[in-house]
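The structure appears below as structure tokens.
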Amino acid sequence: MKPSIPKGTRDFSPEQVVKRNYIFDTIKDVFVKYGYQPIETPTMENLSTLTGKYGEEGDKLLFKVLNNGDYLAKADKEALAAQDAQKLTSSISKRGLRYDLTVPFARYVVMHQNDITFPFKRYQIQPVWRADRPQKGRYQEFYQCDVDVVGSDSLMYEAELVQIYDEVFAKLGIKVFVKVNNRKVLYGMAEAAGIADQFMTMTIAIDKLDKIGLEGVRKEMEGRGISSAAVTQIENMLQLKSLDELEKAFQQSPTGLKGIEELRQFHQYFDTKAPSNRVEFDITLARGLNYYTGCIFEVAVDTSVESQKEVVMGSIGGGGRYDDLTGVFGLKNVSGVGVSFGAARIYDVMEELNLYPEDSGNQLQILFIALDQAAHQYAFDCLNKVRAANINAELYPSPAKMKKQMKYATARNAQYTIIIGSNEMESGLLSFKNKDMRESLTLDAIIERLKL
RNA sequence: GUGGUUGUAGCUCAGUUGGUUAGAGCGCUGGAUUGUGGUUCCAGAGGUCGCCGGUUCGAGACCGGUCUUCCACCCCA
């Protein structure tokens, strides 16, 4: 048979895993420094935990796991006869693959509420699955790196999380543009335009501004039944750049004013330290996820920087405040705020900009090459000694031809090779070399050299 | 989920309006120089032309279905 993998999934080869781990480790180190703790949740969740949390569209994208055993015996006969797939599903599938890390986290918080102390700061780096149609940079299986704090509504955390963005991307060497907005400000716009009931429609339209432009947003809103008078008002508000101007426009909207107040407070915390990246208020930032209730964030590559102006990539991170995420699981009044890093996209950007450090992995330092069987035995003993000194080393498995062994050294990207034949065994001076140099040294001298 | 697109050797790709044993470069294996890394030379292996079916005397090429890739929509990291 011909081997294959499911659509939208990928294999990761050593070089890719090493680079990906570099990103994960960088992110993780910053999370830990800011006092966040790791958790993991199962790959499968009960479908009852997942369904209904991501809207109608999201439910369609959930991977369902077929029950084990004779699932047909317990299937809903009526639904089966009627060919009603949706109704049938609940009787033949009780589990599904996790769609994101936020909902499982909310479930975790509720289940462990007696064991954790609030505010609870956690990070989580695990893959998630979506039955979406794949495209470039868009997969059915991909990693998310989430960092959240629940159990406090302090805007200090909003500031802290943006600082984390700032620090992580500074370490990775990517200049980014962090856009900040507040869901209440968006609501204020809807309220001020008299279309509070069509808030979601407006939000989804504004979210596409980058892609379809102001004209496109107008069309989309009008096409979905928002009056042209209201659309004009919204357009005008989208032009406003400062919080002061918006404040005037929001005189009739208490929610909008609250949003302005939250943004100001965020800045009071955040402005205490100069960021390495651009961090700006952007009223056009919407984010479709419907559980956000306060501040929202999105990170994009800063294309105004000369070296990065060619990069075409959507958002590489996002997040926000959700006031009532645990409510559906029966725990009220627990506010949370969190952000996520788009690892796969960050990987692609790093690749494009060539930002990986030369030695981002534990690369092979020495490859031993033996020229005959006696030398092979001798080399194996040398191998034990260098490994005991914590040097990554390997011995070619047989005293094959020099050319073949050298080719292997090249393929494995070994830093040095040590060649051992009868002369070396007699003198104890080993031929230690790489592409540019060649020296005869004792094993101890080599170990000393590489330990530095 | 809707519409479109792609699929030929391990990789990147040729393959004329349907016509004999489907090609190239790189890579791989072996050999030439019997102990020092990309060279050169010689030889060789490797393809159910994504899969299934149809049209035809004859299909890699045409038609249908299916899977996969990428793109737009939807939505999103």
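Each chain gets a letter, A, B and so on, in the order the sequences are listed, and its residues count up from 1.
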**Item:** Same-atom distance (P) from rG18(B) to rU2(B), integer angstrom
**Value:**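 33 Å, rounded to whole Å.
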Nearest-neighbour nucleotide for the [X] side chain, [options] considered:
| X | options | answer |
| --- | --- | --- |
| Arg138(A) | rG35(B), rA77(B), rA32(B) | rA77(B) |
| Gln135(A) | rA32(B), rC71(B), rG35(B) | rC71(B) |
| Met402(A) | rC28(B), rU36(B), rA77(B) | rU36(B) |
| Ile204(A) | rC70(B), rC75(B), rG37(B) | rC75(B) |
| Phe142(A) | rC70(B), rU39(B), rA77(B) | rA77(B) |

**Request:** Could you name each residue pair satisfying ring pair (Phe, Tyr, Trp, His ring centres under 6.0 Å) that touches residues 393-448 of chain A, not counting sequence neighbours?
**Result:**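 Residue pairs passing ring pair (Phe, Tyr, Trp, His ring centres under 6.0 Å), neighbours aside: Tyr396(A)-Tyr408(A), Tyr416(A)-Phe432(A).
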If you look at every strand shown and take non-hydrogen atoms under 4.0 Å, does [X] touch a base, only sugar-phosphate, or nothing?
| X | answer |
| --- | --- |
| Gly319(A) | nothing |
| Tyr143(A) | nothing |
| Ser422(A) | base |

**Asked** How does RNA chain B look in dot-bracket form if you count Watson-Crick and G-U pairs under 3.5 Å, write [ ] for pairs that cross, and put | where a base pairs with another strand?
**Response** ((((..(..((((.....[...)))).(((((.......))))).....(((((..]....))))))..))))....
Tell me whether the side-chain N or O atoms of [X] pair up with the base of [N] as donor and acceptor below 3.5 Å, since no angle test is needed here.
| X | N | answer |
| --- | --- | --- |
| Arg438(A) | rG37(B) | no |
| Lys433(A) | rG37(B) | yes |
| Arg133(A) | rU2(B) | yes |

**Asked** When you match Asn434(A) and Lys404(A) each to their closest nucleotide on RNA chain B, which lands nearer the 5' end?
**Response** Lys404(A)
**Prompt:** Mapping Gly8(A) and Gly58(A) onto RNA chain B by nearest heavy atom, which one lands closer to the 5' end?
**Reply:**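 The residue closer to the strand's 5' end, by nearest nucleotide, is Gly8(A).
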**Message:** If only side-chain N and O atoms count, and only distance matters, is there a donor-acceptor pair under 3.5 Å linking Asn67(A) with Ser93(A)?
**Reply:**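 Side chains of Ser93(A) and Asn67(A): no pair found under 3.5 Å.
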Any side-chain N or O of [X] less than 4.0 Å from the OP1 or OP2 oxygen of [N]?
| X | N | value |
| --- | --- | --- |
| Lys401(A) | rG31(B) | yes |
| Lys7(A) | rU68(B) | yes |
| Lys60(A) | rC74(B) | no |

**Message:** With a 6.0 Å cut-off (strictly less than), is the heavy-atom count around NZ of Lys94(A), excluding the residue itself, greater than 12?
**Reply:** no
is_close_aromatic([X], [Y]), centroid dist under 6.0 Å:
| X | Y | answer |
| --- | --- | --- |
| Phe169(A) | Phe341(A) | yes |
| Phe31(A) | Tyr123(A) | yes |
| Tyr99(A) | Phe63(A) | no |

**Message:** Strictly below 4.0 Å, N to O, side chains only: are Glu57(A) and Lys60(A) in salt-bridge contact?
**Reply:**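 Looking at Lys60(A) together with Glu57(A), the answer is yes, because their closest N to O distance falls below 4.0 Å.
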